[in-house]
Amino acid sequence: MPRSPVGRETDRVDGRLKVTGAAEYSGDYRAPGLAHAHLVTSTIARGKVTGFDTAAALASPGVLRVHTAPNNPLRLYGITGQAAAFAETYIPMKSDEVHFHGQAIAMVVAETPEQARDAAALVTATYEVLQPRTSVTDEPRVPAGPTISGAPSSLNILAPGVGSIDAALAASDVVVEAEFHQNMQHHVAMEPHAVLAVWEGDDRVTLHAGAQIPSAYALGVSQRLGLPAPNVRLITKYVGGGFGARVVLWSDTPLAAAAARELGRPVRLVLTREQMFTLTGHRSHLTQTVRLGASRDGVLNALSHRSVAERPTTMSFTMTPAHSTSDALYRTPNLHVDARMAVLDIPGSRAMRGPNEAPGGFALETAMDELAVATGVDPVELRLRNYATTSPSTNLPWSSKHLDECYRVGAERFGWANRSATPRARVDGQWLYGTGMATAIYPAARRAGFAVGIRLREDDTAVVSTGVSDLGTGGATVVAISGADALGIPMQRITPEISDTYLPPGAPAVGSSNTHATVPLVVDAARNVIAELKRVAVTENGSPWQGADASDLRYERGILHGLGRSMTFGRLLAAIGSPGIYMESSPLLGAPIPGYVHHSFGAHFCEVRVNRFTGEARVTRFTTVADVGRVINAKAARSQLVGGVIFGIGHALLEENHLELSTGRLAGSTLADYLVPVNADIPDIDVHMLNRPDPLLTGPLGDGTEEVGTASLGARGLGEIGTVGSAAAVGNAVYNATGIRVHNVPITPDKLVEHL
């Protein structure tokens with residue numbers, strides 16, 4: 001076959017469209033008779049709306065409708081079943097009850113977006129105000145419930161004869177205990193949430209909107225609108241970032257769709273940047289306490305990780321920061337994790353890139369660095385001394401794990417051997433330099449219930465179809481690469497067809513699972529379509545193999561061989577008078593493999609400099625080595641890992657939104673106030689991938705002798721592994737530079753300067 005594109009530095013198939021501005025995002029689509037909507041949001045966090053003054057808005061130029069809660073003709077309904085896990089618990093604008101500051105309580109529809117915006121500013125509301133519940137430390141705490149994987153969020157494993165985790169800690173030679181705190185953090189994707197709703201009659205709607213799980217999103221919309229599921233079509237071809245915020249069906253899409261149905265015209269709704277902070281989710285505000293007990297040479301005897309996070313009244317996301325961090329990383333005979341939550345009147349929280357693992361990794365990996373200091377053991381060596389060869393919480397083996405190699409390769413690439421363990425040992429003028437490291441881990445979940453279809457066409461090209469969403473991660477290119485590899489034809493002859501719910505249901509673009517969920521489906525669909533090609537070759541009139549046995553035929557490089565004849569699949573299709581043949585992947589593919597756990601791993605190494613007069617911290621060098629299975633597209637994979645590390649640097653040094661406890665208002669809901677890393681904050685990031693195929697996660701690997709379309713590639717997802725642990729590497733480097741340990745992120749100058 002031609003050289004496979006798998007693992008090469010491949011340009012994105014949609015790259016030119018994006019850089020030239022030709023790619024159309026949700027807010028770019030137009031429709032005849034288009035009207036525009038703008039939301040009005042609450043200025044209290046808890047209570048009821050008692051009235052509206054809409055006279056001025058209704059008299060404004062171009063205004064078509066002013067809808068207010070709860071007195072409006074919009075037909076919206078509750079969501080039940082599996083779709084309820086991906087939606088808010090209340091019906092937008094159905095009740096007069098206010099659940100959080102910034103909730104949508106009214107909507108103006110006008111001829112232009114400017115007219116809708118200006119009229120919305122004229123709508124005023126009166127309230128019955130109640131005191132909001134806003135503090136994770138003051139409100140009653142409830143158990144978090146199952147983790148995102150279904151495992152219990154509380155776990156207590158004790159060695160024989162040990163009565164409690166406290167007893168295990170008390171019996172340890174060295175004990176490290178630290179409490180960690182972080183405020184809310186936000187996704188702030190480049191593209192604001194936008195939706196265009198176009199109805200066909202009163203019972204069928206096409207939506208253009210960003211979604212990470214298009215099939216689940218469309219199902220939720222169908223229930224919100226009271227429609228049969230097949231009557232909702234979602235097109236989400238280009239998405240300007242998700243990071244978890246586009247997993248959930250928020251209030252904007254149902255409201256826009258209901259407004260379009262009521263008006264009888266297409267309606268577009270684009271959220272403002274400030275509305276994005278309250279209406280599309282955030283990473284939870286939480287506190288964590290980590291306690292480590294070890295021998296004097298750094299071998300763990302006990303690990304305890306407790307947390308308290310927010311549980312907004314309108315969203316059911318469970319924050320369990322010890323999951324896939326403290327319960328998965330290090331060998332210890334005594335392990336205790338416990339996650340609690342406090343019910344609060346605040347905007348809905350949701351997954352944000354490395355949702356549990358990023359904050360959990362910061363706490364655990366900072367505490368491990370403190371243990372390294374307390375025992376005098378090098379941080380890399382400390383982690384190797386506590387290396388787990390089976391899962392600490394389940395005792396099951398990993399499908400693949402090469403974390404020890406990540407440590408060794410990363411240390412060599414970074415120059416870790418030249419590091420001084422003594423804080424403030426390296427000074428250059430007004431700058432203190434330091435280095436730190438941390439471990440990365442992220443689960444690799446298998447998912448069933450999704451599909452890929454492949455159509456072989458008579459022009460010797462193929463269309464690979466799946467309703468997966470590409471959030472800018474290169475998903476369409478992965479589909480093209482894996483299709484070319486599975487069919488053994490050049491990538492130029494593959495057309496990826498994605499991001500439409502009228503296609504086979506695509507794997508979720510969540511949990512770093514898109515690649516390792518989609519690629520096996522492509523392989524399986526290729527296997528099935530090749531088998532169908534052989535079947536028609538021996539059964540259809542016009543085929544040179546009619547009447548032969550399909551087992552006598554072999555497919556290679558887009559060509560069918562057998563019985564002394566050869567023919568491309570396109571020529572065969574033309575010969576039998578067929579425009580193409582189409583087959584999908586097997587419906588049960590992707591079910592979990594019993595007896596194994598699946599994770600990706602990595603090691604981060606970081607150098608920072610801290611100004612000894614101002615407390616300003618700057619990252620100067622960063623190296624990440626990742627064990628993420630076989631790499632499908634080296635260029636996109638490196639970009640994803642770099643992006644994940646940048647998320648971690650923002651987590652460590654810049655990002656937080658303060659919640660006003662008395663009002664429930666988020667104080668920093670603009671990009672002038674909520675700081676994210678920019679180019680000047682980020683050095684060149686050295687990324688290395690081990691490229692070790694996972695032999696079990698996606699099926700048995702091939703040895704190169706099998707027919708194309710029959711062997712797993714052994715890929716794993718990698719979108720979030722760069723985020724996990726990178727904030728801790730920065731924080732540990734800050735300690736090494738200054739001797740100051742900061743437990744509350746972000747590590748801002750005020751937390752350093754008073755101790756310098």
Is any side-chain heavy atom of Ser399 closer than 4.5 Å to one of Asp694?
yes
Which atoms form the tightest heavy-atom contact between Arg716 and Ala444, and what is the distance?
CD-CB, 3.7 Å
I'd like to know if the side chain of Thr366 reaches the main chain of Ala728, judged simply by a donor and an acceptor atom lying under 3.5 Å from each other, with no hydrogens or angles considered.
no
Quick check against the 3.5 Å criterion: does Arg665 have a side-chain atom that pairs as donor or acceptor with the backbone of His101?
no
Is Leu169 atom CG crowded by more than 12 heavy atoms from other residues, nucleotides or ligands, each under 6.0 Å away?
yes
Side chain proximity check, Phe414 to Glu607, heavy atoms < 4.5 angstrom:
yes
Evaluate the ring-ring contact (aromatic ring centres under 6.0 Å, His included) criterion for residues Phe622 and His604: first the C-alpha distance (whole Å), next the side-chain angles of each, then the deciding distance (0.1 Å), finally the verdict.
CA-CA 7 Å; Phe622 210 107; His604 301 295; 5.7 Å; yes
Can you establish whether the number of heavy atoms outside Glu412 located under 6.0 Å from its atom CD is more than 12?
no
According to the interplanar angle, ranging from 0 to 90°, do the rings of Phe647 and Phe243 count as parallel (below 30°), tilted (30 to 60°) or perpendicular (above 60°)?
tilted
Note, Gln182 side chain near Leu286 side chain (heavy atom, < 4.5 Å)
yes
For Gln212 and Ala245 the tightest heavy-atom approach is OE1-N, 3.5 Å
Specify whether Tyr674 and His186 have parallel, tilted or perpendicular ring planes, treating 30° as the upper limit for parallel and 60° as the lower limit for perpendicular.
perpendicular
Side chain to side chain, Cys606 and Arg621, heavy atoms closer than 4.5 Å
no
Closest contact, heavy atoms only, Arg741 versus Val373
NH2-CG2, 3.9 Å
Indicate the atoms forming the closest heavy-atom contact of Ala509 with Asn514, along with that distance.
CB-ND2, 3.4 Å
CD1/Ile346 to OG1/Thr134 distance, rounded to the nearest 0.5 angstrom?
8.5 Å
State whether the number of non-hydrogen atoms from other residues, nucleotides or ligands found under 6.0 Å of Arg273 atom CZ is greater than 12.
yes
Can you check side-chain contact (heavy atoms from CB on, under 4.5 Å) on Glu88 and Met315, steps first, answer last?
CA-CA 5 Å; Glu88 295 170 289; Met315 183 54 61; 3.6 Å; yes
Is there a side-chain contact between Asp404 and Leu384, using heavy atoms and a 4.5 Å cut-off?
yes
To the nearest 0.5 angstrom, please state how far the CD atom of Glu656 sits from the NE2 atom of His285.
10.0 Å
Chi angles and distances behind the side-chain contact (heavy atoms from CB on, under 4.5 Å) call for Ile148, Asn356:
CA-CA 9 Å; Ile148 197 168; Asn356 300 296; 4.2 Å; yes
Give a yes or no answer on whether the side chain of Asn301 reaches the backbone of Asn334 with a donor-acceptor pair at less than 3.5 Å.
no
Any side-chain donor paired with an acceptor under 3.5 Å for His743 and Glu370?
yes
Is it true that Tyr433 and Thr620 share a donor-acceptor pair across their side chains at a distance under 3.5 Å?
no
Whether Arg612 side chain and Leu432 backbone form a donor-acceptor pair below 3.5 Å:
no
Side-chain (Ser512) to main-chain (Glu720) donor-acceptor, under 3.5 angstrom:
yes
Please report the interatomic distance CZ(Phe362) to OG1(Thr723), rounded to the nearest 0.5 Å.
14.5 Å
Do the side chains of Leu690 and Cys406 get nearer than 4.5 Å, heavy atoms only?
yes
Separation between CG (Asp338) and OG1 (Thr320), nearest 0.5 Å, reads 11.0 Å
Taking atom OG1 of Thr375 and atom CG of Asp297, what is their separation to the nearest 0.5 Å?
8.0 Å
Should Tyr407 and Met437 count as side-chain neighbours, where that means a heavy-atom distance under 4.5 Å?
yes
Got a donor-acceptor contact below 3.5 angstrom from the Ser393 side chain to the Asp327 backbone?
yes
Pair Glu139, Glu310 - check side-chain contact (heavy atoms from CB on, under 4.5 Å), show working.
CA-CA 10 Å; Glu139 298 300 330; Glu310 61 185 52; over 6 Å; no
Could you report the tightest heavy-atom contact between Leu329 and Lys401, atom names first, then the distance?
O-NZ, 4.3 Å
Answer yes or no: is there a donor N or O on one side and an acceptor on the other, between the side chain of Arg331 and the main chain of Tyr387, under 3.5 Å?
yes
Are Arg413 and Phe605 in a cation-pi setup, meaning NZ or CZ lies under 6.0 angstrom from the ring centre and within 45 degrees of the ring axis?
no
Around atom CG of Asp750, are there more than 12 heavy atoms from other residues, nucleotides or ligands closer than 6.0 Å?
yes
Run the numbers on Asn386 and Thr332 for side-chain contact (heavy atoms from CB on, under 4.5 Å), then give the verdict.
CA-CA 7 Å; Asn386 293 285; Thr332 178; over 6 Å; no
For the backbone of Ala351 and the side chain of His187, can you confirm whether one donor and one acceptor N or O come within less than 3.5 Å of each other?
yes
Verdict with reasoning, Glu381 to Arg385, per salt bridge (Lys or Arg N to Asp or Glu O under 4.0 Å):
CA-CA 6 Å; Glu381 175 60 26; Arg385 291 183 185 182; 3.0 Å; yes
For residues Thr473 and Gln640, determine if any side-chain heavy atom of one lies less than 4.5 Å from a side-chain heavy atom of the other.
yes
Polar side-chain atom of Asn732 near backbone of Asp369 as donor-acceptor pair, under 3.5 Å
no
Spacing of Glu655 atom CD and Met184 atom CE [to the nearest 0.5 Å]:
14.5 Å
Taking every heavy atom of Ala733 against every heavy atom of Gly436, the minimum-distance pair comes out as CB-N, 3.4 Å
Expected output: side-chain Thr670 to main-chain Asp673 donor-acceptor under 3.5 Å:
yes
Check against salt bridge (Lys or Arg N to Asp or Glu O under 4.0 Å), Arg383 and Glu365:
CA-CA 10 Å; Arg383 287 160 173 81; Glu365 290 302 289; 2.9 Å; yes
Hey, mind stepping through Glu405 and Arg692 against salt bridge (Lys or Arg N to Asp or Glu O under 4.0 Å) and telling me if it holds?
CA-CA 11 Å; Glu405 187 176 352; Arg692 297 285 198 92; 2.7 Å; yes
